[in-house]
Amino acid sequence: MKVEFKIDPNLPEEKAEFWLKKMTSKIRRITNELTSKQDFLWGYKNRDAYMIEFSQIFAIQVENEKTMICTERDVYIFRGRLYQVEKLLPNDFVTTSRSSIVNYHSINHLEIVSSGNIDAILENGLRIQVARRKIKVLKERLGL
């Protein structure tokens, strides 16, 4: 695919045009990301609400029926379900199981466990188990 950028600081409003033979899921994801105005999630900790930028999020997990947003140092509660979070997230996030989503930029390395499963070890030391049916998608996203 040919990609072309024309940068003009005098433009009153930014716009993107796509000339496609057909709409693909990849183009649909890119379009959703470009049109999204939100670049953060609201996380709650001790009754206080915090704006958490997508770039700060390492993983989002469900534990004891609570959706947890994990950053480098803190864990916040998201008031919603995992599928609701997934719709808001940009393309930097990949679903690793029914209970977790990972920012693939925060993956330090992948570890093959003795049972043949794969764990994603994040830069903050958090270990996320990757479901067998999600391994292919994760590898594609990482370029493996």
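No hydrogens, no waters, no symmetry mates; every other heavy atom, side chains included, goes into these values.
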**Fill in**
To the nearest 0.5 Å, atom CG of Leu110 lies from atom CG of Leu142 at 6.0 Å
**Request:** Kindly give the heavy-atom pair with the smallest separation between Ile69 and Gly43, and that separation in Å.
**Result:** CD1-CA, 4.4 Å
**Residues forming a salt bridge (charged side-chain N to carboxylate O under 4.0 Å, His left out) with Arg141, sequence neighbours excluded** = none
**Flag, side chain of Asp8 to backbone of Asn10, donor-acceptor distance under 3.5 Å** = yes
**Prompt:** Do Ile101 and Glu86 have side-chain heavy atoms sitting under 4.5 Å apart?
**Reply:** yes
**Message:** Going by ring pair (Phe, Tyr, Trp, His ring centres under 6.0 Å), name the pairs with one or both residues in residues 82-133, residues two or more places apart or in two chains.
**Reply:** none
**Prompt:** Going by heavy atoms in the side chains, are Lys45 and Asp74 under 4.5 Å from each other?
**Reply:** yes
**Message:** Just so I know, are the side chains of Thr95 and Val102 near enough to count as touching, which here means a heavy-atom distance under 4.5 Å?
**Reply:** no
**Request:** Could you tell me whether Tyr76 and Tyr44 have their ring centroids closer than 6.0 angstrom?
**Result:** no
**Asked** Should the heavy atoms of other residues, nucleotides or ligands under 6.0 Å from CG of Leu144 be counted, would the total exceed 12?
**Response** yes
**Message:** Quick one, Phe54 with Asp92, criterion side-chain contact (heavy atoms from CB on, under 4.5 Å). Give me CA distance, side-chain angles, the key distance, then yes/no.
**Reply:** CA-CA 9 Å; Phe54 292 145; Asp92 298 338; over 6 Å; no
**Complete:** Shortest non-hydrogen pair, Leu82 vs Ser100, comes out as CD2-N, 3.7 Å
**Item:** Any side-chain heavy-atom pair of Arg133 and Arg98 under 4.5 Å
**Value:** yes
**Fill in**
Output for pair (Gln61 CD, Thr96 OG1), nearest 0.5 Å, gives 7.5 Å
**Asked** Side chains of Phe78 and Met68: does their closest heavy-atom pair fall under 4.5 Å?
**Response** no
Per-pair distances, 0.1 Å, donor-acceptor, side chain in residues 121-132, under 3.5 Å, sequence neighbours excluded:
unit_1	atom_1	unit_2	atom_2	d
Asn124	OD1	Leu126	N	3.1
Asn124	ND2	Thr71	O	3.1
Arg127	NH1	Glu111	OE2	3.0
Arg127	NH1	Asp119	OD2	3.0
Arg127	NH2	Glu111	OE2	3.2
Arg132	NE	Asn117	OD1	3.2
Arg132	NH2	Ser115	O	3.4
Arg132	NH2	Asn117	OD1	3.2

**Prompt:** What do you reckon, is NZ of Lys139 surrounded by more than 12 foreign heavy atoms closer than 6.0 Å?
**Reply:** no
**Prompt:** Are any side-chain N or O atoms of Ser97 and backbone N or O atoms of Ser99, one a donor and one an acceptor, separated by less than 3.5 Å?
**Reply:** yes
**Request:** Consider only side-chain heavy atoms of I, L, V, M, F, W and Y, link residues closer than 4.5 Å, and tell whether Val137 and Ile112 are in one cluster.
**Result:** yes
**Request:** Determine whether Phe40 and Ile52 make a side-chain contact, defined as any pair of heavy atoms from C-beta on separated by less than 4.5 Å.
**Result:** no
**Message:** Minimum heavy-atom separation for Ser55 and Asn103, please, with both atom names.
**Reply:** O-ND2, 4.3 Å
**Complete:** Minimal heavy-atom distance between Leu88 and Gln84, with the atoms involved, is CG-O, 3.6 Å
**Prompt:** Is Val113 linked to Ile135 within one hydrophobic cluster, defined over Ile, Leu, Val, Met, Phe, Trp and Tyr using a side-chain heavy-atom separation of less than 4.5 Å?
**Reply:** no
**Prompt:** To the nearest 0.5 Å, what is the distance between NZ (Lys134) and CD1 (Ile118)?
**Reply:** 14.5 Å
